[in-house]
Q: 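Here it is, the structure in full.
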Protein chains: 2
Amino acid sequence: MITDTDRHMMSTAIAEAEASLTAGAIPIAATLARGDQLLGTGHNERVQRGDPIAHGEIACLRNAGRQASYAGTTLYTTLSPCAMCSGAILLFKIPRVVVAEATTFAGDLGFLADRGVAVELLDDQQCVELMSTFQQRYPQIWAEDIGEEPPS
Amino acid sequence: MITDTDRHMMSTAIAEAEASLTAGAIPIAATLARGDQLLGTGHNERVQRGDPIAHGEIACLRNAGRQASYAGTTLYTTLSPCAMCSGAILLFKIPRVVVAEATTFAGDLGFLADRGVAVELLDDQQCVELMSTFQQRYPQIWAEDIGEEPPS
């Protein structure tokens with residue numbers, strides 16, 4: 001079930017993703033929260049910092065700092081998580097993930113669900129459009145970010 | 001097959017892991033190389049920078065910077081990779097991983113091998129002793145780093 005808190009936390013992530021596209025960079029962002037307590041936010045920093053591992057979710061977890069436990073947390077992400085970010089969710093036993101969209105990058109939400117993560121997919125059209133705009137404008141950066149051969 | 005270059009690259013990672021323990025921190029480190037060209041090194045920075053996602057492999061990939069392709073690279077790591085670091089290896093299609101030891105943390109090397117990664121396990125006793133010393137000295141930091149409940 002999606003709550004008003006969920007919508008608020010996702011809107012924070014979406015605003016950060018939009019700001020990243022405005023900066024000519026990758027518009028994917030995430031927030032980590034425990035209930036209505038925001039623990040951290042982050043956006044993809046491949047372009048801004050030349051950091052290939054700073055996917056939105058990874059930057060968010062970095063910015064949230066050390067946690068003795070992730071019990072009771074929810075990770076909100078504007079795009080379905082890649083293998084690295086899915087692995088981070090499993091490593092830290094983050095129990096719930098809310099995903100804005102899995103249309104422009106499928107990820108493997110079944111992999112997470114099979115391992116006990118509660119996954120909620122919003123199918124948010126605003127995020128689909130944001131990523132589609134980025135993918136069309138910067139196809140080589142996008143290929144680089146997901147380990148694909150660049151388009152010729 | 002383990003080559004002299006492999007031994008050299010792993011010794012660089014081990015030296016960085018040892019320096020991390022000397023600093024009172026987590027002694028896990030990694031190097032990324034393409035043949036005999038060193039692309040980057042990194043060590044776990046949970047303690048030094050309060051960064052929970054800077055596992056040795058992740059810090060190494062960050063320090064190596066943006067790569068158009070990881071074709072032909074080998075990742076050397078002093079400890080069997082966790083779910084997050086395994087996911088990073090798969091995301092970026094790193095074709096070969098050399099692991100010093102999987103005794104003090106098993107990880108899931110079969111998961112990587114099943115997905116086409118060439119995995120070499122050295123069973124290095126120096127690294128087993130390094131991690132054993134750390135795990136006994138700092139059990140709570142270790143639990144935090146791998147998302148386990150802290151020992152009571």
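The figures here come from the full heavy-atom set of this structure, side chains too, leaving out hydrogens, waters and symmetry mates. Residue numbers begin at 1 in each chain, while the letters A, B, ... track the order of the sequences.
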Q: With rounding to the nearest 0.5 angstrom, report the SG to CZ distance, A/Cys82 to B/Phe92.
A: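 With rounding to 0.5 Å, SG (A/Cys82) is 7.0 Å from CZ (B/Phe92).
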Q: Hey, are the side chains of A/Arg7 and A/Tyr76 touching, using non-hydrogen atoms and a 4.5 Å cut-off?
A: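 SC-SC contact between A/Arg7 and A/Tyr76 ruled out.
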Q: Should B/Leu79 and B/Met9 be counted in the same cluster of Ile, Leu, Val, Met, Phe, Trp and Tyr side chains packed under 4.5 Å apart?
A: no
Q: Does any backbone or side-chain atom of B/Gln140 lie under 4.5 Å from a heavy atom of chain A? Answer side chain, backbone, both or neither.
A: neither
Q: Report, in residue-number order, which members of residues 100-133 of chain B are under 4.5 Å from chain A by heavy-atom distance.
A: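 When heavy atoms of chain A are the reference, residues 100-133 of chain B contributes B/Phe111 within the under-4.5 Å range.
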Q: To the nearest 0.5 Å, what is the distance between CD on A/Glu18 and CD1 on A/Ile14?
A: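 If I round to the nearest 0.5 Å, the distance is 7.0 Å.
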Q: Between B/Gln67 and B/Ala64, which heavy-atom pair has the shortest distance, and what is it?
A: NE2-O, 3.0 Å
Q: Is a donor from one side chain sitting under 3.5 angstrom from an acceptor on the other, for A/Gln48 and A/Ser20?
A: yes
Q: Counting only non-hydrogen atoms closer than 4.5 Å, can you tell me which residues of residues 142-149 of chain A sit against chain B?
A: A/Glu144, A/Asp145, A/Ile146, A/Gly147, A/Glu148, A/Glu149
Q: Roughly how far, to the nearest 0.5 Å, is CD1 of A/Ile89 from CE of B/Met84?
A: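 Rounded to the nearest 0.5 Å, the CE-CD1 separation comes out at 11.5 Å.
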Q: Between chain A and each of B/Ala68, B/Pro150, B/Ala88, B/Ser69, count heavy-atom pairs under 4.5 Å; write down the option with the most.
A: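 Between B/Ala68, B/Pro150, B/Ala88, B/Ser69, the count favours B/Ala88.
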Q: Under the side chain to side chain contact (heavy atoms under 4.5 Å, CB included) criterion, do B/Ile53 and A/Ile53 qualify, and how do the steps go?
A: CA-CA 10 Å; B/Ile53 59 87; A/Ile53 60 88; 4.0 Å; yes
Q: Mind checking which of residues 54-62 of chain B sit less than 4.5 Å from chain A, heavy atom to heavy atom?
A: B/His55, B/Ile58, B/Leu61, B/Arg62
Q: At what distance, to the nearest 0.5 angstrom, does OG of B/Ser86 lie from CG of B/Leu91?
A: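 Reported to 0.5 Å precision, the distance equals 12.5 Å.
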Q: Write out, in numerical order, the residues from residues 26-47 of chain B with a heavy atom short of 4.5 Å from a heavy atom in chain A.
A: B/Arg46, B/Val47
Q: Which atom names give the shortest non-hydrogen contact between B/Cys85 and B/Pro81, and what distance separates them?
A: CB-CB, 3.9 Å
Q: Can you name the nearest heavy-atom pair linking A/Met10 to A/Thr77, along with the distance?
A: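 Closest pair (atom of A/Met10, atom of A/Thr77, distance): CE-O, 3.4 Å.
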Q: Roughly how far, to the nearest 0.5 Å, is OH of A/Tyr70 from CG of A/Leu75?
A: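 Taking CG in A/Leu75 and OH in A/Tyr70, the distance rounds to 10.0 Å.
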